[in-house]
Protein chains: 2
Amino acid sequence: MKEKQISGAVIARLPRYFRFLGELKDEGVEKISSRELSKLMHVTASQIRQDLNHFGGFGQQGYGYNVSFLYDEIAQILGLDHTHNLIVIGAGNLGHALAGYPNFEKRGFLIRGIFDINPGCIGSQIRGIKIRSMEELPEFVRVNRIDIAVIAIPKTAAVGVSQILVENGIRAIWNFSHVDLPVPEGVVVEDVHLTESLLKLSYNMTQETKGALRG
Amino acid sequence: MKEKQISGAVIARLPRYFRFLGELKDEGVEKISSRELSKLMHVTASQIRQDLNHFGGFGQQGYGYNVSFLYDEIAQILGLDHTHNLIVIGAGNLGHALAGYPNFEKRGFLIRGIFDINPGCIGSQIRGIKIRSMEELPEFVRVNRIDIAVIAIPKTAAVGVSQILVENGIRAIWNFSHVDLPVPEGVVVEDVHLTESLLKLSYNMTQETKGALRG
DNA sequence: CCTGTTTTTTATATATAATTAACAAATTGA
DNA sequence: TCAATTTGTTAATTATATATAAAAAACAGG
């Protein structure tokens, strides 16, 4: 009954476990111990065991973890046991790239629509999905029961659009705009701030250079 | 003389401070206290003060922080006081989007070349930058003193390309492929694994739904 | 079909790291 | 001059990661 709060750090590692297990599964590996997996992933075996134990005892003493079973369990934990309805806001370069990425569909994230303000591109298609005008957005989200919206528009427009989305029942926003979106309790936001990622890279590179100069 | 090791968590927050300070600067704000900034950024004032103090005493008691000065200081810490030479590997949807993003150039990240294996697109241009064949890559990196390579190609090719890059003196890789790149000491990698980000979003959304069902 | 040894998980304890709180010292501005 | 601010820094708290100990299962050999 009581909720065990799982830390964000653990959650953030889960998709990586999932990726490695998927690869092992594809290679036909049947079982793996935390020690073997730790060598593969370059994390401690202790951390792997503790992370997985937050969600249940998936392993067996003396045996290890069954790759296929663990893979399926993590898929369920990540919410991949059913499909999700997605829309992409913004048909610029980035929106185009995201809408055209086939791997998302493989995981059950189905792109139902693309929206843009530019009249020049409205009506054209990306991978068979029509680009619609922003005026259609509110009704489309409600009628098609859209779960997730991908925001790939400039920051000046992003906050306003996110409000419209929230008002019409969106449950999650994958935010690529350079702004922190204010959303009410219950709506989930995952930020991908590419510029910030590049700046982090720049910092680390600069530090390496300094280190090299010192010897 | 001795190196104070600054934690990754602090580094990861630095670009966000930089973003907010940039916005304040644009709005003409001259000074700000850690308390005001904390309200704006939704972090504790204590954390702001402690984070900034890792790099130096930029503030003044009774006054706060000078926005413009602090902005410039962080820019320097992030390595933005000089330009960087970039190349993009992969002229697919994502490579296209990244190569076409004007904000990177504004921050001093200059895209010097784009590379692809597809003969169909070699020779064409993105924002005036020619797409070249992969055979030209090694020499191009050396001759043009490329600092950073953006990897936007499938994982099957990514490891091989990263080795070529390292051999020719690349110092940092911004990795969008779904694989962990093995690089030697001194070469920096920043991963942007979009699928993993989406899975994290999916998990958090799933949890919210469960929470709502319980009431 | 046991049995002892090895493997490996799970549970627990310890160590490390990160965040928040507290406060003295400095500065401002009336 | 003095009260109100606000930093830099030290201390306390909380969170996270690692190491250790205990329990369970597997397996080889008789």
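Throughout, protein chains are lettered first and strands after them, A, B, ... in sequence-line order, and every chain is numbered starting at 1.
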Once the angle between the rings of Phe115(A) and Phe140(A) is folded into 0 to 90°, is it parallel (under 30°), tilted (30 to 60°) or perpendicular (over 60°)? perpendicular
Exactly one candidate in Ile173(B), Val179(B), Val187(B) meets side chain to side chain contact (heavy atoms under 4.5 Å, CB included) with Ser162(B); the answer is Ile173(B)
Rounded distance (Å) that lies between atom [atom2] of [N] and atom [atom1] of [X]:
X        : N       : atom1 : atom2 : answer
Gln50(B) : dT9(D)  : CD    : P     : 10 Å
Phe58(A) : dT10(C) : CZ    : P     : 9 Å
Ile6(A)  : dA17(D) : CD1   : P     : 13 Å
Leu52(B) : dG8(D)  : CG    : C1'   : 11 Å
Asn66(A) : dA26(D) : CG    : P     : 12 Å
His54(B) : dT10(D) : NE2   : C1'   : 13 Å

Is any N or O donor-acceptor pair between the side chain of [X] and the base of [N] shorter than 3.5 Å?
X        : N       : result
Thr44(A) : dA17(D) : no
Ser7(A)  : dA15(D) : no
Gln61(A) : dT10(C) : no
Gln47(A) : dT16(D) : no

Take Asp51(A) and Gly62(A), find for each the nucleotide of DNA chain D with the closest heavy atom, and name the residue whose nucleotide sits nearer the 5' end. Asp51(A)
Check this one for me: any side-chain N or O of [X] less than 4.0 Å away from OP1 or OP2 of [N]?
X        : N       : result
Tyr65(A) : dT7(C)  : no
Arg13(B) : dT19(C) : yes
Arg49(B) : dG8(D)  : no
Asn53(A) : dA11(C) : yes

Quick note, Ser46(B) side chain, CB onward, closest among dA22(C), dT10(C), dT10(D) is dA22(C)
Given dT28(C), dT18(D), dA21(C), the nucleotide with the shortest approach to the side chain of Gln60(B): dT28(C)
With heavy-atom distances below 4.5 Å as the criterion, would you say the side chains of Glu23(A) and Lys25(A) are in contact? no
Just wondering, are more than 12 heavy atoms of other shown residues or ligands nearer than 6.0 Å to CG in Leu194(A)? yes
Does anything in residues 16-39 of chain A reach DNA chain D, meaning a heavy atom under 4.0 Å, and if so which residues? none
Examine distances only and state if a side-chain atom of His193(A) and a backbone atom of Ser177(A) form a donor-acceptor pair shorter than 3.5 Å. yes
Between Phe109(B) and Trp174(B) (judged by ring centroids, cut-off 6.0 Å), do the two rings come close enough to count as a pair? no
Lys/Arg-Asp/Glu bridge criterion (N-O < 4.0 Å) met for Asp180(A), Lys155(A): no
